[in-house]
Amino acid sequence: MDDYALVLNAGSSSLKFCVYQRPRDNDWEIAARGQIEGIGTSPRLSAKDAQGAVLVNNSLDASVADGHAAIEALASWLRSKWPGAHVLGVGHRVVHGGTRYGQPVLLTRQTLSDLYELVPLAPLHQPYNLAAIDAVFERLPGVPQVACFDTGFHAGHSQVVELIPLPKEICKSGLRRYGFHGLSYEYIASVLPTVAPAIAKARVIVAHLGSGASLCALKDGRSLDSTLGFTALDGLCMGTRPGAIDPGVLLYLFQNLELSAKEVETMLYKQSGLLGISGISNDMRDLLGRSEPEARLAVDYFVYRAAKEIGALAAVLGGVDALVFTAGIGENSSEIRRRICEASSWLGLDLDAQANTSGNSRISTEQSRVSAWVVPTNEELMIARHTWSLLGFMQPVS
Ligand code: ADP
C-alpha cells in the first residue's frame, strides 16, 4: 500500500492542498495540487496532478460551509481517489506563531490552544488555519500534524527592527513587529542559489505581491526586515487591507465616527486596500482591465506604496543588488512589475521591457546595476520540507 502525506493551507473561503505520495521504495512525489474554493458560498473542488492534468473539477454541496466540512469533503475525495491509502502526516500553514512558536512544531491539543490565543492578531487567517488542524485531529486522530509559521523566517530580527515604540509595560505582552509571508520568503531564499546564484548572498528585496502583499529585505539569504509587523495590516496596500496608515486615523474612527472595535477590524481586514479605494474589486487583474478613475487610483496607490517601501528597505540594507517579484501579482502582472521597476529606476534598476513580457526569470538589462527577477513561490513545498524533516521523512523535491 502506498503512503501519503498532506499539506494544507486553509483560508477563510478556500482550502489549498497538496497530496504527496511515497510509492514503495521511492522518494516523495507530488500526486495532486488543488483547492476547495468558495467555502460558504459556491464550493468547488479542483485538483491537478504533477503534469497539470485535471484530476477533479466539481462543484460541491452547499453544506460545505466551513473549514470542518471542507476537510470532510477533501477526505472523501482522497478516499475515493486513493482507496486504502495510509496518511502518514499533515503539514499546515499557520500565519502567526507569536513569541512562543518560531520554528515548525509538532502539534498537540495544548499547542493548538496556545495558537488560538493569537487569533486576535490575525483574524483573517489564524482561525481558519487552526480549524483545519482541529478537523484533522478529529478525523485522523493518530496522524501527526505539523504547524509551519509565516512569522518563523523573520525570527532573529534585531531589537530595533522588532520594536514597537509604545510604553515598555505594554510591549511586554508580545507587542512587537514579527513579519509575515515567511514561508514564501524562505522558499525564495532557498532557490536563489540555483536560479540566480550571483545574488543569492547579496542584498535582495523580495516583493511578495498577492492578495496579501509585503516586501522582505534579504541579506545572505536571511531576513533583516519586512514591511509587515505585529499583524498582517502594515506596509503595502493589499487586496482588502490598507497597509500602513496614520494611527490617528484609528482614533478618529473610534472617537469621531464612533465605530466599534469589530467594525474597525472588519474595515481594516476586509473593506480597505484595493477594494476600498476602487469600490470595484480587490483583485488586481480586474482593476487592470477597468478604465474607471477609481480603479486607476487603486493601482496607482499600490505601485506608489510598493516603490516607497522598496526605497525604505534599500536604506535598511545599505543599498540593494536585486529585486525579486513573486506571488500572484508579482509572478503574473508584467504591467505592475514594469511600473514598480520604473519607479525604482533611481536605484540603478533598468528594466528589460522584452524580458519582462516574455516569461524570463531575469527581467533587467545586462547593464542594470540592480538586477530584477521573477521567481515563482511555493509555500506548500516549504511546508512539506519542514513537515517531512520534523517527522523524519526524506525530503520531497517538488
Ligand atoms: P493569495 O494566495 O494571497 O490569495 P495570490 O498570490 O494568488 O494571492 O495572488 C492573487 C492576486 O494575484 C489577485 O489580486 C489576482 O488578481 C492577481 N493576479 C493573478 N494573475 C494576474 C495577472 N495575470 N495580472 C494581474 N494580476 C494577477
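Read the numbers this way: they start at 1 and go in the same order the structure lists the ligands and their atoms.
Relative ring orientation between H154 and H157 is described as tilted, the plane-to-plane angle lying within the 30° to 60° band. Between W82 and W77, the ring-plane angle classifies as perpendicular under the 30° and 60° cut-offs.
Side-chain N or O atoms of Q145 include one that pairs as donor or acceptor with a backbone N or O of I133 at under 3.5 Å.
Under 4.0 Å from any atom of ligand 1, one finds heavy atoms of residues K16, G210, S211, G212, D283, M284, R285, L288, A327, G328, I329, N332, S333.
In this structure, H96 has its ring center at least 6.0 angstrom away from the ring center of Y101.
Other residues sharing a hydrophobic cluster with Y301 under the 4.5 Å side-chain heavy-atom criterion for ILVMFWY residues are I277, L297, Y304.
Of the N and O atoms on the side chains of N356 and R338, not one donor lies less than 3.5 Å from an acceptor on the other residue.
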